[in-house]
Amino acid sequence: MKLSIVDLGTVAPGTTEKDALADSLEAARQAETAGYHRIWFAEHHLSRSGASHHPELLIAAASAVTSRIRLGSGAVLMNHYSPFKVAEMFKQLEAMAPGRIDLGMGRATAGPVLDAALQQNRQHPAQADHQQQILETLAWLYESFPADHPFAEHPLMTTVPDIPQTWLLGSSPNGSNLAAGLGIGYTFAGFINPAGAAPALRHYRETFTPQGFGLESPRAILAVNVAVGETTADGLHLAGSPRGFYARLGRAGRKAGSVMVPTPDEAAAEMSPAETDEPVTITDGRWPRFVAGGPADVRATLEQMIAESGADEVMIQDLIADPADRRRSRELLAREFGLATP
């Protein structure tokens, strides 16, 4: 099984975003050594808990300290940007790290204030058409504009033959329809919508139609929040960080951007019994938001998820507060699956 990582630049308690960004680059080096297939960086704005605000910056920095692992965005929030800007940016990244760049595309809102701040035109903000934005980005990358289109006469970086892998990221059936119809890769955020993951990924595989955008067959990733400890008890303890973080988000309301990832001990002191006891394995057929335990426990759950969803790859999100615990969790998982550096 291919395993990958999506890194949020998690800010550890008592540290700074500067420290978190250094941890992200160390994560890229470690992931390559451990045999992970790719590492993606998130886009979260005005978030105190995560320092990865602009994934393209971390992709460029990580390309200088790695040589094999694929690097990408999880995801570029297309509703805020020009398709041309995104396509050209990732084409340039491809020139910097040939054959290793992934353009993961998604969308998200951060509320009216931040959404307005990200817009150039504050008086008449753009109403983004997500499908059209994805299509235009692909047309720039694959030079597929109609012959009479004004953009057709302006190809991107003609001396760079490689094209980034293109992925659509989502957490609803709409994303699976769009990715399948465009014939590009699809990543489902199982930590956001665990119940919808398997149906959406199966639907994507069943309806995938090649369109000349780099794929002849479907390519699907399941993203899961994971915490692995030396023992089952250790892993359950570490899972306090993501459980506590989401519990804090649920109470924060408009102040969600200020929420930090707690240590497991902090989380234990704050959570209700229902939050503390939230399942971390598939229970009565229901997928959990967080997968946790010892290496064998986590492997068994991930393999069941792969079997039920048909995903080709698992991407790990790990909201573990302590960077050392985060690194150890990734090492244990890589060892359990027998990953090997090419």
Side-chain angles (χ1 to χ4, degrees), residues 1-15 19-20 22-39 49-50 69 190-191 194 222-248 260-271 273 275-283 287-307 313-341:
M1 183 191 299
K2 290 181 180 178
L3 293 180
S4 296
I5 294 167
V6 57
D7 185 271
L8 281 65
T10 301
V11 181
T15 69
D19 299 318
D23 287 337
S24 290
L25 295 185
E26 179 57 34
R29 287 189 288 261
Q30 179 209 21
E32 180 170 85
T33 300
Y36 283 88
H37 185 55
R38 64 183 99 231
I39 182 168
S49 65
I69 193 169
F191 49 84
L222 169 65
V224 184
N225 191 286
V226 170
V228 186
E230 302 280 353
T231 65
T232 299
D234 291 337
L236 294 176
H237 178 70
L238 292 175
S241 282
R243 281 171 162 167
F245 177 70
Y246 280 95
R248 285 180 171 183
M260 303 293 288
V261 177
T263 67
D265 290 339
E266 289 172 338
E270 298 171 4
M271 289 189 294
E275 291 165 339
T276 301
D277 296 336
E278 184 174 348
V280 293
T281 60
I282 297 174
T283 304
W287 284 23
R289 287 194 297 170
F290 319 109
V291 176
D297 304 320
V298 171
R299 176 173 182 163
T301 299
L302 294 182
E303 288 181 337
Q304 186 174 348
M305 288 177 164
I306 287 290
E313 184 175 337
V314 171
M315 180 165 280
I316 302 305
Q317 181 198 74
D318 42 15
L319 286 171
I320 299 172
D322 188 318
D325 289 337
R326 213 178 306 142
R327 289 191 292 270
R328 185 59 177 157
S329 175
R330 294 168 179 174
E331 289 171 359
L332 290 168
L333 192 64
R335 182 185 304 169
E336 178 65 24
F337 278 93
L339 303 188
T341 304

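Values below: every heavy atom of this structure, side chains too, minus hydrogens, waters and symmetry copies. Note that the coordinates shown come from a computational prediction; the quantities given were computed from them, not determined experimentally.
- Evaluation of the salt bridge (Lys or Arg N to Asp or Glu O under 4.0 Å) rule for E270 yields R248, R251 as partners, not counting sequence neighbours.
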inquiry  = As a quick check of understanding, evaluate side chain to side chain contact (heavy atoms under 4.5 Å, CB included) for L8 and Q317, giving each step before the final call.
reply    = CA-CA 8 Å; L8 281 65; Q317 181 198 74; 3.8 Å; yes
inquiry  = Between F290 and Y246, is the ring pair (Phe, Tyr, Trp, His ring centres under 6.0 Å) condition met? List the steps.
reply    = CA-CA 10 Å; F290 319 109; Y246 280 95; 5.5 Å; yes
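- Between N225 and R289, every side-chain heavy-atom pair lies at or beyond the 4.5 Å cut-off.
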inquiry  = Walk me through whether E336 and V228 qualify under side chain to side chain contact (heavy atoms under 4.5 Å, CB included).
reply    = CA-CA 10 Å; E336 178 65 24; V228 186; over 6 Å; no
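- When all heavy atoms of P279 and P288 are compared, the closest pair comes out as O-CB, 3.3 Å.
- By the 4.5 Å heavy-atom criterion applied to side chains, L319 and S241 are not counted as neighbours.
- Between atom CZ of residue F245 and atom CD of residue E266 there is a gap of 13.0 Å, rounded to the nearest 0.5 Å.
- Rounding to the nearest 0.5 Å places CG of D318 at 6.5 Å from CD1 of I5.
- Qualifying side-chain hydrogen bond (donor to acceptor under 3.5 Å, both in side chains) partners for R29, counting only residues two or more places apart in sequence or in other chains: E26.
- The minimum heavy-atom distance linking G240 with A267 is given by the pair O-CB, 3.1 Å.
- Contact detail for A321 and P262: the closest heavy-atom pair is CB-O, 3.4 Å.
- A pairwise comparison of heavy atoms in L333 and V298 identifies CD1-CG1, 3.8 Å as the closest pair.
- For the atom pair D322 CG and L238 CG, the distance stands at 9.0 Å (nearest 0.5 Å).
- Once rounded to the nearest 0.5 Å, the distance linking CG of D19 with OG1 of T10 reads 13.0 Å.
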ask   = Can V314 and F337 be said to form a side chain to side chain contact (heavy atoms under 4.5 Å, CB included), step by step?
value = CA-CA 12 Å; V314 171; F337 278 93; over 6 Å; no
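- Here the closest non-hydrogen pair linking A31 and I69 is CB-CD1, 3.6 Å.
- Applying the side-chain contact (heavy atoms from CB on, under 4.5 Å) rule to H37 yields the partners K2, S4, R70, E313; only residues at least two apart in sequence or on another chain are considered.
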task = Could you please spell out the steps behind the side chain to side chain contact (heavy atoms under 4.5 Å, CB included) verdict for D297 and T281?
result = CA-CA 8 Å; D297 304 320; T281 60; 5.7 Å; no
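- The minimum heavy-atom distance between P295 and E230, with the atom names listed, is CD-O, 3.9 Å.
- Residues satisfying the side-chain contact (heavy atoms from CB on, under 4.5 Å) test with P323, not counting sequence neighbours, are A12, D23, R326, R327.
- Considering only residues two or more places apart in sequence or on other chains, T231 meets the side-chain hydrogen bond (donor to acceptor under 3.5 Å, both in side chains) condition with D234.
- Rounding to the nearest 0.5 Å gives a distance of 8.5 Å between CD1 of I39 and CD of Q30.
- With values rounded to the nearest 0.5 angstrom, L332 atom CG is found 13.5 Å from R299 atom CZ.
- Contacts of R243 classified as salt bridge (Lys or Arg N to Asp or Glu O under 4.0 Å), with partners at least two apart in sequence or in another chain: none.
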